[in-house]
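Here the structure is laid out as structure tokens; the discussion comes afterwards.
All values reported here derive from a predicted model rather than from experimental measurement.
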Amino acid sequence: MRARILKSAREIFFRDGFTEASLDEIASRAEMGKGTLYRHFESKAELYVAVLAENGTAFEERMREALPAAGGAIEKIRAIGMFYRRYWLDHPEH
């Protein structure tokens with residue numbers, strides 16, 4: 001259920017921004033009542049932070065995977081730069 005809420009919230013927050021995002025719409029998209037959403041998250045701000053934290057963790061994992069196991073600092077910096085470019089081109093909504 002938490003994963004469904006976070007997925008729905010991510011879509012709404014990225015589309016509308018924090019201020020304009022509606023908890024009613026997030027609950028509806030997650031196919032639950034607003035009360036159920038509040039059982040998992042006390043506020044819109046707490047939900048937003050949870051979305052950001054989950055995205056940050058996933059982003060960091062993907063970045064680590066992009067780093068070469070061997071090589072010097074220059075190769076690692078280049079790999080991170082290429083990762084950033086690819087990531088933002090693939091995910092402009094973030």
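Rounding to the nearest 0.5 Å places CD1 of Ile80 at 9.5 Å from CZ of Arg64. The NZ atom of Lys34 lies 4.0 Å from the CG atom of Asp24; values are rounded to the nearest 0.5 Å. Put simply, CE on Met1 and CZ on Arg39 are 8.0 Å apart, with the number rounded to the nearest 0.5 Å. For the atom pair Arg10 CZ and Ile26 CD1, the distance stands at 11.5 Å (nearest 0.5 Å). Atom CD of residue Glu25 and atom CG of residue Leu23 lie 10.5 Å apart, to the nearest 0.5 angstrom. Annotation: the span from Asp90 atom CG to Arg85 atom CZ amounts to 10.0 Å, rounded to 0.5 Å.
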Going by atom type alone, with no hydrogens or angles, which donor-acceptor pairs under 3.5 Å involve a side-chain atom of residues 44-53 and a protein atom two or more places apart or on another chain?
| residue | atom | partner | partner atom | Å |
| --- | --- | --- | --- | --- |
| Lys44 | NZ | Phe18 | O | 2.9 |
| Lys44 | NZ | Thr19 | O | 3.2 |
| Lys44 | NZ | Ala21 | O | 3.0 |
| Glu46 | OE1 | Glu42 | N | 3.0 |

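No continuous path of hydrophobic side-chain contacts links Ile77 to Met63 [ILVMFWY only; heavy atoms under 4.5 Å]. A single hydrophobic cluster is not seen to contain both Ile74 and Tyr84; linkage of ILVMFWY side chains at heavy-atom distances under 4.5 Å, directly or through other members, places them apart. The hydrophobic cluster containing Phe14 does not contain Ile5, counting ILVMFWY residues as joined when their side-chain heavy atoms lie under 4.5 angstrom apart, directly or transitively.
Within 6.0 Å of the CG atom in Leu89, the count of heavy atoms belonging to other residues, nucleotides or ligands exceeds 12. Atom CZ of Arg78 has 12 or fewer neighbouring heavy atoms from other residues, nucleotides or ligands inside a 6.0 Å radius.
By the 4.5 Å heavy-atom criterion applied to side chains, Glu54 and Thr57 are not counted as neighbours.
Minimum interatomic distance between Ala79 and Pro68 (heavy atoms only, all atoms of both residues): CB-CD, 3.6 Å.
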